[in-house]
Amino acid sequence: MNEAVSADMRVIIKQRLKEIETEEGVRILFAIESGSRAWGFHSEDSDYDVRFVYARPREWHYRIGKKRDVIERPIDDELDISGWELGKALDLALGSKAVIAEWLQSPIRYCEMPEAVSQLTQFAKQALNRKSVTWHYISLQKRQASRVYAPDGSLRVKRWFYILRPALALRWMRLNDASVPQMNMAELRAGCDLDASLSDEIDALLRMKMAAHEKATMTNVDPRLEALVKGELEQAMAWVKTAAKEASTELRQRASDLHLSLSESACD
């Protein structure tokens, strides 16, 4: 199995993050790998999707006018690096966007302030509700399904896994009645109660994906996997139509307090 992040690449990424802190005058609270390398099904030529959450000093917040709350660097063939200001991350968590919870679970971490990560993880678990997160994964699965076919009618292997992962997330939430599914594919599958033959088929496709290049295609997928993807989407769609959205009392004030305390502790 090819290594997710080489030692040399880890050094390069950490250096880039330090440069961003200096150039932007920010403090990175945590930086992780997102995408296929963290999910557990990268190819040899998969790029690196580095994501981070950062805090800015008090003075920045007092400035008049619209302020950009995202830091991005030009994407090259190997490295895609970007981050969110802490307030944006908290606001998205309040809206039950599952991305921040995934970042906090990433098994590949480049740097972190442990106390900040602990508090953000606790807040995300409180803020995210199953109905909104279910809609997130439904939308993600549908969006990737629209991109899965290559011009010649074959299936893009990479895109197919981008369909399978949200389907498994929907299954995990349904079986566990919880709102924060595991990010890594192996950990996610462990909570999905898959039968042995289906699990073996996923293993075979994983081996093919990780040995192939990013643009690899295949002619078909086992009908049982197609049925799994379709079935979980249908069950999720039926469930969200009747599920009540959970109330989020006092969470916005808690987010504001957390924004202030973490920004001050990181930047003072």
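What you see below is based on every heavy atom in this structure, not just the backbone, and it leaves out hydrogens, waters and symmetry mates.
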Inset, instruction - Could you tell me whether a side-chain N or O of Ser132 sits under 3.5 Å from a main-chain N or O of Asn129, the two making a donor and an acceptor? - result: no

Inset, instruction - May I have the step-by-step check of side-chain contact (heavy atoms from CB on, under 4.5 Å) for Trp239 and Leu170, ending in yes or no? - result: CA-CA 11 Å; Trp239 181 80; Leu170 292 172; over 6 Å; no

Inset, instruction - Work out which heavy atom in Ser34 is nearest to a heavy atom in Met183; give both atom names and the distance. - result: CA-CE, 3.9 Å

Inset, instruction - Determine whether Val99 and Val117 fall in the same hydrophobic cluster, where Ile, Leu, Val, Met, Phe, Trp and Tyr are linked whenever their side-chain heavy atoms lie under 4.5 Å apart. - result: yes

Inset, instruction - Could you tell me whether Arg109 sits above the aromatic face of Trp103, with NZ or CZ closer than 6.0 angstrom to the six-membered ring centre and within 45 degrees of the axis? - result: no

Legend entry - Considering all heavy atoms, the nearest Arg165-Leu140 contact: NH2-CD2, 4.2 Å

Legend entry - Approximate separation, where rounding is to 0.5 Å, of Arg10 CZ and Ile108 CD1: 7.0 Å

Legend entry - Gap between atom CG of Leu92 and atom CH2 of Trp84 - 0.5 Å precision: 5.0 Å

Inset, instruction - Give a yes or no on whether Lys67 atom NZ has more than 12 heavy-atom contacts from other residues, nucleotides or ligands under 6.0 Å away. - result: yes

Inset, instruction - Before accepting this row, confirm whether a basic side-chain N of the pair Asp203/Arg189 lies closer than 4.0 Å to the acidic partner's carboxylate O. - result: yes

Inset, instruction - May I ask you to decide whether Glu232 forms a salt bridge with Arg174, counting only side-chain N to carboxylate O separations under 4.0 Å? - result: yes

Inset, instruction - Taking all heavy atoms of Leu128 and all of Ala93, pick out the closest pair and write down the distance. - result: CD1-O, 3.6 Å

Inset, instruction - Could you tell me which non-hydrogen atom of Leu79 sits nearest to which non-hydrogen atom of Arg16, and how far apart they are? - result: CD2-NH1, 3.4 Å

Legend entry - Min side-chain heavy-atom separation Leu29-Glu112 under 4.5 Å: no

Legend entry - Interatomic spacing from CD1 in Ile163 to CD in Glu226 - rounded to 0.5 Å: 9.5 Å

Legend entry - Any donor-acceptor pair under 3.5 Å from Ser263 side chain to His259 backbone: yes

Legend entry - Distance in Å, Ser146 OG paired with Arg159 CZ, rounded so as to fall on 0.5 Å steps: 8.5 Å

Legend entry - Residue among Lys215, Lys209, Lys158 satisfying side chain to side chain donor-acceptor pair (under 3.5 Å) with Ser43: Lys209

Inset, instruction - Working to the nearest 0.5 Å, report the span between CZ of Phe123 and OG of Ser118. - result: 14.0 Å

Legend entry - Verify same cluster id: Val50, Leu104 (apolar side-chain graph, 4.5 Å): no

Legend entry - More than 12 heavy atoms of other groups within 6.0 Å of Ile75 CD1: no

Legend entry - Hphob cluster co-occupancy, Tyr110 + Val11, side-chain heavy atoms under 4.5 angstrom: no

Inset, instruction - Could you tell me whether the side chain of Leu262 reaches within less than 4.5 Å of the side chain of Gln119, counting heavy atoms only? - result: yes

Inset, instruction - Following the transitive rule for hydrophobic clusters with a side-chain heavy-atom cut-off under 4.5 Å over Ile, Leu, Val, Met, Phe, Trp and Tyr, establish whether Leu168 and Val229 coincide in one cluster. - result: yes

Legend entry - Leu90 vs Leu86 side-chain heavy atoms within contact, under 4.5 Å: yes

Legend entry - Nearest non-hydrogen partners of Met218 and Val221, listed with the distance: CE-CG2, 3.4 Å

Inset, instruction - Report whether Val133 and Met237 are members of the same hydrophobic cluster (ILVMFWY, side-chain heavy atoms less than 4.5 Å apart, transitive linking). - result: yes

Legend entry - CA sep, side-chain torsions, deciding dist, call: Asp80, Arg51, salt bridge (charged side-chain N to carboxylate O under 4.0 Å, His left out): CA-CA 8 Å; Asp80 177 357; Arg51 300 292 180 263; 3.2 Å; yes

Legend entry - Sub-4.5 Å side-chain heavy-atom contact between Lys14 and Glu19: no

Inset, instruction - State whether the side chain of Ser139 and the backbone N or O of Trp135 hold a donor-acceptor pair below 3.5 Å, judged by distance alone. - result: yes

Legend entry - Arg130/Asp177 ion pair, N-O < 4.0 Å: yes

Inset, instruction - Give a yes or no on whether a salt bridge exists between Arg73 and Glu24, defined as a side-chain N under 4.0 angstrom from a carboxylate O. - result: yes

Inset, instruction - Using atom types as modelled and distance alone, determine if a side-chain donor or acceptor of Asp91 lies under 3.5 Å from a backbone N or O of Gly87. - result: no

Legend entry - Any donor-acceptor pair under 3.5 Å from Arg156 side chain to Ala216 backbone: no

Inset, instruction - Quick one: pull up CG in Leu175 and SG in Cys192 and give me the separation to the nearest 0.5 Å. - result: 6.5 Å

Inset, instruction - Look at the side chain of Lys131 and the backbone N and O of Ala243, then say whether any donor-acceptor pair between them is shorter than 3.5 Å. - result: yes

Inset, instruction - Could you walk me through whether Ser197 and Arg224 pass side-chain hydrogen bond (donor to acceptor under 3.5 Å, both in side chains), step by step? - result: CA-CA 9 Å; Ser197 62; Arg224 294 170 298 171; 3.0 Å; yes

Legend entry - Evaluation steps, side-chain contact (heavy atoms from CB on, under 4.5 Å), between Phe161 and Met185: CA-CA 10 Å; Phe161 272 95; Met185 179 73 91; 4.0 Å; yes

Legend entry - Least distance between heavy atoms, Ala55 atom then Cys267 atom: O-SG, 3.5 Å

Legend entry - Lys/Arg cation over aromatic Tyr54: Arg27, 6.0 Å, 45° cone: no

Inset, instruction - Quick one: do Trp160 and Phe41 satisfy ring-ring contact (aromatic ring centres under 6.0 Å, His included)? Show the steps, please. - result: CA-CA 12 Å; Trp160 200 86; Phe41 52 80; over 10 Å; no

Legend entry - Validation row: Leu120, Phe30 side chains within 4.5 angstrom (heavy atoms): yes

Legend entry - Ser154 and Asp152: CA distance, side-chain angles, deciding distance, side-chain hydrogen bond (donor to acceptor under 3.5 Å, both in side chains) verdict: CA-CA 6 Å; Ser154 60; Asp152 63 1; 2.6 Å; yes

Legend entry - Minimum side-chain heavy-atom gap Gln141-Leu164 below 4.5 Å: no

Inset, instruction - Could you tell me whether the side chains of His136 and Glu102 share a donor-acceptor contact shorter than 3.5 Å? - result: no

Inset, instruction - Kindly say whether Ile28 contributes a backbone atom to a donor-acceptor pair with the side chain of Glu21 at under 3.5 angstrom? - result: yes

Inset, instruction - Apply side-chain contact (heavy atoms from CB on, under 4.5 Å) to Arg56 and Asp69, showing your working. - result: CA-CA 10 Å; Arg56 287 194 180 274; Asp69 55 7; over 6 Å; no

Legend entry - Min side-chain heavy-atom separation Trp172-Tyr137 under 4.5 Å: no

Legend entry - Main-chain N/O of Glu201 paired with Asp222 side-chain donor or acceptor, under 3.5 Å: no

Inset, instruction - For the pair Arg37 (side chain) and His42 (backbone), establish whether a donor and an acceptor sit closer than 3.5 Å, ignoring hydrogens and angles. - result: no

Inset, instruction - Let me see the working for Ile81 and Asp49 under side-chain contact (heavy atoms from CB on, under 4.5 Å), right down to the final yes or no. - result: CA-CA 6 Å; Ile81 182 167; Asp49 296 299; over 6 Å; no

